[in-house]
Trainee: 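Dropping the structure in here first, questions after.
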Amino acid sequence: TVIGADLGRKHDFSAFIPMNSARQAMAVYRSQEDWPLQRKQLATLSMMHGFARLIVDSAGVGDPFVQELRAAGLQVQGVNTASTEKRVIIDHLALAFENNTIGIPDDQTLIEELEAYTYEVLPSGQTRYSAPEGGFDDTVIALALATWGQRGSVGMYAAAQAGSTYMGTSGGGSYMHAGRTNSTWPL
């Protein structure tokens, strides 16, 4: 098991998503607590899942957060989502959905954020990924980080989790499509 963690606090949320080696996201946790309490929540979640490795957004406040978790003896991989690494993990998540090798819980916030997530090709040719203005992408990033953390696991065709009927926006189809042509894609 790994846990993807996107960090936020006052104007944003932190999201923590544990994912097993079969690439099934098991739950979605969100928090706006103070940083010391969030570190404790994440450490507790790691322990509950057999000292799961943490894949944490290390952009901004994430770098000292990652260092403190490591100092506490936890296995932590920092991923800087303010760099080109974000494109890599989002593309990896898109591929997992396209290949049906990921399962997600029937969590309303996660589903809404996935469906609203957008990309924009900038004049420089770079791609910017984000939630729509005024929206959040915390669970999308946490899911992408968890999926990235399981990239070495043997992929399987994911079945819907018990209680979940959500397998995409087109009757079990992919959230993202090869040959994307517009600037928004439902994940």
Side-chain angles (χ1 to χ4, degrees), residues 2-9 11-19 21 23-25 28 30 42 52-67 69 75-104 107 109-155 158 166-170 173-187:
V2 300
I3 300 170
D6 181 52
L7 304 175
R9 196 168 69 88
H11 303 290
D12 210 357
F13 289 86
S14 285
F16 310 138
I17 298 183
M19 179 178 279
S21 61
R23 298 177 81 176
Q24 297 286 323
V28 176
R30 295 177 83 212
L42 194 51
R53 187 168 45 99
L54 305 171
I55 313 300
V56 180
D57 177 5
S58 63
V61 298
D63 186 51
F65 200 94
V66 165
Q67 297 305 319
L69 290 168
Q75 288 185 338
V76 185
Q77 176 186 348
V79 176
N80 185 347
T81 61
S83 71
T84 57
E85 287 181 274
K86 184 174 189 175
R87 180 191 56 79
V88 173
I89 66 166
I90 294 299
D91 286 348
H92 186 78
L93 176 62
L95 187 61
F97 276 116
E98 288 175 12
N99 291 331
N100 200 29
T101 58
I102 183 175
I104 61 171
D107 181 89
T109 300
L110 174 60
I111 292 166
E112 288 173 359
E113 287 186 9
L114 284 166
E115 289 177 345
Y117 202 68
T118 63
Y119 78 93
E120 174 186 7
V121 178
L122 303 172
S124 66
Q126 296 283 341
T127 304
R128 179 184 334 175
Y129 298 95
S130 64
E133 190 172 327
F136 297 102
D137 65 358
D138 316 298
T139 61
V140 173
I141 301 302
L143 182 64
L145 289 165
T147 305
W148 181 250
Q150 289 293 15
R151 69 191 175 279
S153 66
V154 176
Y166 190 77
M167 287 300 290
T169 58
S170 56
S174 168
Y175 288 107
M176 298 180 239
H177 309 284
R180 300 181 281 253
T181 57
N182 58 25
S183 64
T184 61
W185 29 270
L187 277 177

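A quick note: this is a predicted structure, and the numbers were derived from the prediction, not measured. In what follows, every heavy atom counts, from backbone to side chain, and hydrogens, waters and symmetry copies are set aside.
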Trainee: Under the ring-ring contact (aromatic ring centres under 6.0 Å, His included) rule, collect the residues that match up with Phe65, sequence neighbours excluded.
Mentor: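 Expected list: Trp35.
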Trainee: Please verify the inter-ring angle class for Phe13 with Phe136; under 30° counts as parallel, over 60° as perpendicular, anything in between as tilted.
Mentor: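 The rings of Phe13 and Phe136 stand perpendicular, inter-plane angle above 60°.
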Trainee: Measuring from atom OG1 of Thr101 to atom CZ of Arg151, what distance do you get when rounded to the nearest 0.5 angstrom?
Mentor: 14.0 Å
Trainee: Indicate the atoms forming the closest heavy-atom contact of Phe16 with Ala5, along with that distance.
Mentor: CD2-CB, 3.6 Å
Trainee: Taking all atoms of both residues into account, what is the closest heavy-atom pair of Thr147 and Arg23, and its distance?
Mentor: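 In this case the closest contact between Thr147 and Arg23 is CG2-NH2, 3.1 Å.
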Trainee: Just wondering, are more than 12 heavy atoms of other shown residues or ligands nearer than 6.0 Å to CZ in Arg30?
Mentor: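 Count over threshold, so yes.
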Trainee: Return the NE2 to CD distance between His92 and Gln150, rounded to the nearest 0.5 Å.
Mentor: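 Here the rounded value is 9.0 Å.
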Trainee: Roughly how far, to the nearest 0.5 Å, is OG1 of Thr139 from CG of Asp107?
Mentor: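 OG1 of Thr139 is found 7.0 Å from CG of Asp107.
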Trainee: So Phe97 and Leu143, do their side chains get closer than 4.5 Å, heavy atoms only?
Mentor: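 The answer is yes; the side chains approach within 4.5 Å.
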Trainee: Calculate, to the nearest 0.5 Å, the distance between atoms OG and CG belonging to Ser58 and Asn80 respectively.
Mentor: 4.5 Å
Trainee: Check the pair Met19, Ile102 against side-chain contact (heavy atoms from CB on, under 4.5 Å), reporting the backbone distance first and the verdict last.
Mentor: CA-CA 9 Å; Met19 179 178 279; Ile102 183 175; 3.8 Å; yes
Trainee: Within the 4.5 Å heavy-atom criterion, are Val2 and Trp148 side-chain neighbours or not?
Mentor: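 Answer no - side chains too far apart.
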Trainee: How far apart are the closest heavy atoms of Gly149 and Ile55, and which atoms are they?
Mentor: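 So the two residues come closest at CA-CG1, 3.8 Å.
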Trainee: How long is the span from the CG atom in Asp57 to the CD1 atom in Ile89, to the nearest 0.5 Å?
Mentor: 7.5 Å
Trainee: With heavy-atom distances below 4.5 Å as the criterion, would you say the side chains of Ile90 and Thr127 are in contact?
Mentor: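 With C-beta onward as the side chain, the pair stays apart.
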Trainee: For residues Thr118 and Glu120, determine if any side-chain heavy atom of one lies less than 4.5 Å from a side-chain heavy atom of the other.
Mentor: no
Trainee: If you take all heavy atoms of Ser14 and Leu7, which pair is closest and at what distance?
Mentor: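 Distance-wise, the nearest heavy atoms are OG-CA, 3.3 Å.
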Trainee: Can you find a heavy atom in the side chain of Thr109 that is under 4.5 Å from one in the side chain of Val28?
Mentor: no
Trainee: So, Glu113 side chain and Asp138 main chain: donor-acceptor pair closer than 3.5 Å or not?
Mentor: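 At least one qualifying donor-acceptor pair exists.
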Trainee: How close do Leu145 and Val56 get, counting heavy atoms only, and between which atoms?
Mentor: CD1-C, 4.3 Å
Trainee: To check you understand the geometry: which heavy-atom pair defines the closest contact between Tyr129 and Lys86, and what is its length?
Mentor: O-NZ, 3.1 Å
Trainee: If I take atom CG from residue Leu93 and atom CD from residue Glu98, how far apart are they, to the nearest 0.5 angstrom?
Mentor: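 If I round to the nearest 0.5 Å, the distance is 10.0 Å.
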